[in-house]
Structures are given as structure tokens and as C-alpha cells.
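Okay, so here's the structure we're looking at.
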Number of protein chains: 2
Amino acid sequence: MANSASGESIIGRVVKIVSAFDDRHPAMSVAELGRRTGLPVTTTYRLVNDLLLERLLEREPGGDIHIGTRMWELASRGSKMLGLREAALPFMEDVQAVVQHSTTLGILDSDEVLYIERLGSDRTIVDITKIAGRLPVHATSSGLVLLAHSPAAYQDAFLARPLTKFTETTLTEPAALRRHLAEIRQRGFAAMPGVIVPESSGIAVPVFGPDNTIRAALSVVVPRNEENAPARVPVLMAAARGISRALGLARRAEGDAPAKPLKALFAVHR
Amino acid sequence: MANSASGESIIGRVVKIVSAFDDRHPAMSVAELGRRTGLPVTTTYRLVNDLLLERLLEREPGGDIHIGTRMWELASRGSKMLGLREAALPFMEDVQAVVQHSTTLGILDSDEVLYIERLGSDRTIVDITKIAGRLPVHATSSGLVLLAHSPAAYQDAFLARPLTKFTETTLTEPAALRRHLAEIRQRGFAAMPGVIVPESSGIAVPVFGPDNTIRAALSVVVPRNEENAPARVPVLMAAARGISRALGLARRAEGDAPAKPLKALFAVHR
DNA sequence: TGTCGGTTCCCGCTCAATGGTAATCCTCCT
DNA sequence: AGGAGGATTACCATTGAGCGGGAACCGACA
């Protein structure tokens, strides 16, 4: 579906263009955009112009292009992300205030962890999570929690793929991972000695929705050598329950089906 | 630029489709989407399919369509919105904790106020602001603050247009508005008795960037009958200065030009 | 003055996008 | 069961929007 020589559709090319921007490259010239996307020069200019007209991109005084306000607005307005984020934010603040290290909220998307909110702190050591950033599932505490509570079919499919070993401690063999996931379900949390950045380690707990399926993972990043890391867990769990409750209330307020009681929330399922 | 009978480009139609979703309609069938956008049925199905392939839209179990996670991710990743929001959030939390009513952060976009962050509260009375929501400039305290510190040329253009009168107290005549804007610049804040919702009223202060141009408006919504509304102003101003400083630091950290001192920050300019 | 990179303009080719019609698949309702 | 009404998929002839190479233009820098 495309007029293009390369066989891409317009939409695909637009995605390419928008994808060229990230926190490291928030603005660039059209020519550079063309280079980064690999699109023909003329085509890049034409598409960028169309996107400028719709205000999905914006041109700044210098001539450089950056993602437009409209794009953010459209993406946010109808997104379910906002609901989850808004429900979670107050609880995340509480956690952040107590733990004093950065607190993140992540979801499972395209076999990766996508962080949708993050509260940093000055004390935060090394923490590579960014809002709208991605990290591998099997190498993060958030990812393991999300995976542990996902449907069996999904887990099987995930574990069937080869996994990259980031450090010595990264689990990559299906059997070992399965055992670890079971442990996570039993304990109710995942603790990961910094897999990507060795100095820090993460602790994550699951956040369930009104239908008792997993929605997100709430996690904190603490220094690795900290001895009382498990002491953080109760705070996280309490916060996670709070978020679940808030999600239920939000749904009920919309005149939706009444939320089920949260009794069996932390029960092991699968 | 369009193959379509109506003369729209694909991109324009995609925007139409995405725009059909809002917090009141977060998901719908493709047929309904076609009706809401006014696009031909077949075309709607084809475009939606393309968008599903790119994961800009997602299909939920029931078959309904909603905005995809990818859309939010792409829009957020390269957006300057995140920087502003992240710099502002801690200060907004402080304000929210003290004032006990909902705190919002808005920017000027397409001659309207676009709210990019909002911290609500249970005590919050009536507050129609929503994240990614829009309100008219001349009828909100945020809008007036933003307008008051905008370039003269922009103000002139804005005031040249006819303005809708929402209630008795809405200022719509250019002369009166100009006087009001001057007052806002002098006082350093804008106070608006609820123009759209009569029971509440808003107080807003400007947030400046490192280059001393206005970036956003920080505001709170308080009950209208509250006598000590102006007492909220100092808290807001302090927070706004904090945000400005955070913005400057963020830029400097990127190895950018060093930020100017914030001395003349609240000076009247124009 | 000349070079170089970014940007705009021009233009003929062509196939992707279009959108009507019709068939199919649902889910309710009778 | 039957069938009415809506949503979704399948089919297909038509055509102009999208394509992209090339050249001209512009502005910065040496």
C-alpha cells in the first residue's frame, strides 16, 4: 500500500518521521530528518509540510522541526494512559516521599516495558528509566512483575524467544525464568539487582485493574548495596492497592459495571 | 493534495479520525468512527486498518477502537511538553498540598489555553479543566496571564477578533481587556471570578523560561466566595519562580547556553 | 568570490488510494 | 426459526495525489 518506490504507506512514513525524534534529538532540520529516516529528500519536505499544516509538527524560529503540541494533545486526549496515570500519581508521590528514590509506573507494550510515569529525585543514583521510554522485560523488575501476571499463553510465547544476557545475573533460560516468575507471584514483588546499570537495583509490585488483570507495575530504584531493600516492599504494595482501588472507583463513576471487591487482588493466579 | 473526493489529504483524515476520540468517547466501533468523522465507510475501514498496523490505534476485545499506546509514546518521546511538565510537577505538588484545590499548568496554543498538567483534589469544587483539554483565553485566569505576557503583535491580533461573552463579567471589548492585561502585568497575577462555571474562580501566575519569555501559566481553582483568595498568590508566585529555575537548570544541563539570572523575571515587559 | 548544505520549485509518471456496490457476519428481537 | 438492522469485509474500476529526480535558489562561512 504505497505509491513509494520502497513500498511504504504514507502512514508508515509519518510514523518513521515522528519516530526520528526522541529526548536526545528533540529538534532537527528537515534535511537531517530525511537522512535519519532514509526517505528521499523531496518526499521528506513534502510530508513535513503536510504535517506542519496539521500542526502535528512545528517549526521553530531557527527552522528546525520538532513534534507539535497538537500531536501530544491528540495522543493524550483519548488515551487510556491518562486515566491510569492520574489514578496512580498521588500514590506514587507518597511512595516517592517515603522511599526518597525515583518511582516509576510501567506497562507491558510490544514485549517491552513502557514507562508512562516517573517521579525522580535529586538523590536518585543511576536510573535510566524515562517517561515514554522502553526497557527489556526480562531485565527489569517492572518487566518481570508484568510478565509474571500475564496470561500463560503470552508467557510461553515470550519465553520461546531468545533473550539477551545483559550481565552475569540476567536470567535467560526459560526454565529458570519460569521458576523466578512463580516466585514473584508468590512473594508479590520482584527485586532485580541492577541488570542494566549495576549500581542500582529495582523493586516492583503489580498493579491490578478492577477485573483483577494486571495493568501496570509500580517500582522504585534503590542503591544496590542498600541492605534493607525488602523493607520498601510494603509501601509499594499499599500504594499499588490504592491505585487499584482508584482505578475501580474511576470506572464506577463512569456508570460502568461495578468493580469487583479487591479481596483476591494479590492472590496467585495461573 | 488528496485523492479523495472531498479534497483532503490522508494526513488530514488521520487527524480527523484521531480527533474523534476524547475523554467522553475513548473507544468506538469503526462504523461510528466513520459517522463521527463524516468519512466514507470503506475509506474509514481502510484507514483504520492501516493505523492498526502501525499500532497508532488499537482494537479492544469487543472490537471497538481506541487510541494506541504507540501514539502516546511517539507523541511524548520527542515532545518539549515533558520537559516543562517534569520541571513543574514537584512545585505543583507543593502548591496543591498547601492550597488544597486543583492546580493546573496551561500553555497558549492555537489561541486557546491547553492544559498540560492538572493535580486534582477531592475537595475540588467545580473544575472543568482536564489534561489535554482546552479553554478560551479571555475567559480563564490562565489565558489572561498568558496573553498579558505575549508579544504585542500577538495580543493585537487576538484582540482584533470578536470574543464570546460567557457571563456578565466576561470582558470582550479590546480596550477594557487591554486595561485588564496591563493590570495583570503590574500585579503579577490574574484572578478570574468563574467565567464558565460561576461557583469557582481561578488565580493564575506566569511561568517564564530561561529567556524570560512566557512559557506557561500556573493556576489554582478556588471557591468563589472564599474571601482570602489573593492570599494564594504568593504561593503560586514562589512555585512559578521555582519552575522557571528548574527550566533554566534543565537547559544548562544539556550543555546549552547558560540561563540568564532570574532577577527581572517578574518585571513588566512590553 | 566560491563552496556547501539546506530549502524550494518544477514536472511527468504511475499506482495507491478512493469509494461505490454487494456480500457476509453478527446480534437482537419477534 | 426467521428476519431486520447494523457492523464488517470483499470486490473493483477509476484517477489524481503522491512520488522523486533534477535544477534553481538562498544563506552562511571562508
Side-chain angles (χ1 to χ4, degrees), chain A residues 1-21 24-68 71 78 256-257, chain B residues 1-21 24-68 71 78 256-257:
Chain A
M1 41 146 127
N3 245 329
S4 63
S6 58
E8 303 167 297
S9 66
I10 297 189
I11 295 178
R13 294 184 156 194
V14 168
V15 170
K16 254 192 180 174
I17 288 178
V18 176
S19 302
F21 298 94
R24 194 164 292 278
H25 308 269
M28 62 190 83
S29 71
V30 184
E32 188 178 351
L33 195 51
R35 257 177 276 119
R36 281 174 67 86
T37 55
L39 298 176
V41 228
T42 317
T43 306
T44 309
Y45 277 97
R46 185 167 22 83
L47 283 180
V48 167
N49 270 336
D50 291 355
L51 292 169
L52 285 172
L53 282 179
E54 293 290 346
R55 304 193 52 246
L56 296 181
L57 295 181
E58 281 168 16
R59 162 166 277 140
E60 43 194 52
D64 277 10
I65 304 296
H66 62 110
I67 305 257
M71 178 94 192
D256 229 331
Chain B
M1 43 145 127
N3 243 329
S4 64
S6 59
E8 303 168 297
S9 65
I10 297 190
I11 295 178
R13 295 184 154 195
V14 168
V15 169
K16 254 192 179 175
I17 288 177
V18 177
S19 303
F21 298 94
R24 194 164 291 279
H25 308 269
M28 62 189 84
S29 72
V30 184
E32 188 178 350
L33 195 50
R35 257 178 275 119
R36 282 174 67 87
T37 54
L39 299 176
V41 229
T42 315
T43 307
T44 309
Y45 278 96
R46 185 165 22 81
L47 283 180
V48 166
N49 269 336
D50 291 355
L51 292 169
L52 285 172
L53 282 179
E54 293 290 346
R55 302 193 54 245
L56 297 181
L57 295 182
E58 281 167 15
R59 164 166 275 141
E60 42 194 52
D64 277 10
I65 303 296
H66 63 111
I67 304 254
M71 178 97 193
D256 229 331

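Counting heavy atoms from C-beta outward, Arg46(A) and Thr43(A) have side chains that approach closer than 4.5 Å. Between Ile17(B) and Val14(B) there is no side-chain heavy-atom pair separated by less than 4.5 Å. Residues Val15(B) and Arg55(A) are not in side-chain contact: their nearest non-hydrogen atoms beyond the backbone lie 4.5 Å or more apart.
Going from atom CZ of Arg59(B) over to atom P of dT8(D) covers 7 Å, rounded to whole Å. Rounded to whole Å, atom P of dG6(C) lies 13 Å from atom CE of Met28(A). Between Tyr45(B) atom OH and dC25(C) atom C1' the separation is 11 Å, expressed in whole Å. In this structure, Leu53(B) places its CG atom 12 Å from P of dA17(C), rounding to the nearest Å. In this structure, Leu52(B) atom CG and dT8(D) atom C1' are separated by 13 Å, rounded to whole Å. To the nearest angstrom, C1' of dT7(C) lies 13 Å from CG of Asp64(A). Between Leu33(A) atom CG and dG5(C) atom P the separation is 18 Å, expressed in whole Å. Taking atom CD of residue Glu32(B) and atom P of nucleotide dG6(D), one finds them 13 Å apart after rounding to whole Å.
Set against dG22(D), dA17(C), dC19(D), the side chain of Ile10(B) has dA17(C) as its closest nucleotide. For Val30(B), whose side chain is taken as the heavy atoms from C-beta onward, the closest listed nucleotide among dT8(D), dG20(D), dT7(C) is dT8(D). Of the candidate nucleotides dA7(D), dT18(C), dG21(D), dA7(D) has the atom lying nearest to any side-chain atom of Arg35(B). With distances taken from any side-chain atom of Thr43(A) to the nucleotides dT8(D), dT18(C), dG20(D), the minimum falls on dG20(D). Listed nucleotides: dT8(D), dT7(C), dC19(D). Nearest to the side chain of Arg13(A): dC19(D). Of the candidates dT18(C), dG21(D), dT7(C), dG21(D) carries the atom nearest the Thr42(A) side chain, counting heavy atoms from C-beta on.
Place Val41(A) and Ile11(A) on DNA chain C by their nearest nucleotides, and Val41(A) ends up nearer the 5' end.
Rounding to the nearest 0.5 Å places OG1 of Thr44(A) at 9.5 Å from NZ of Lys16(A).
Across all their heavy atoms, His66(B) and Pro26(B) have their closest contact at CB-O, 3.2 Å.
For Arg46(B) and dT9(D), the shortest distance from a side-chain N or O to OP1 or OP2 is not below 4.0 Å.
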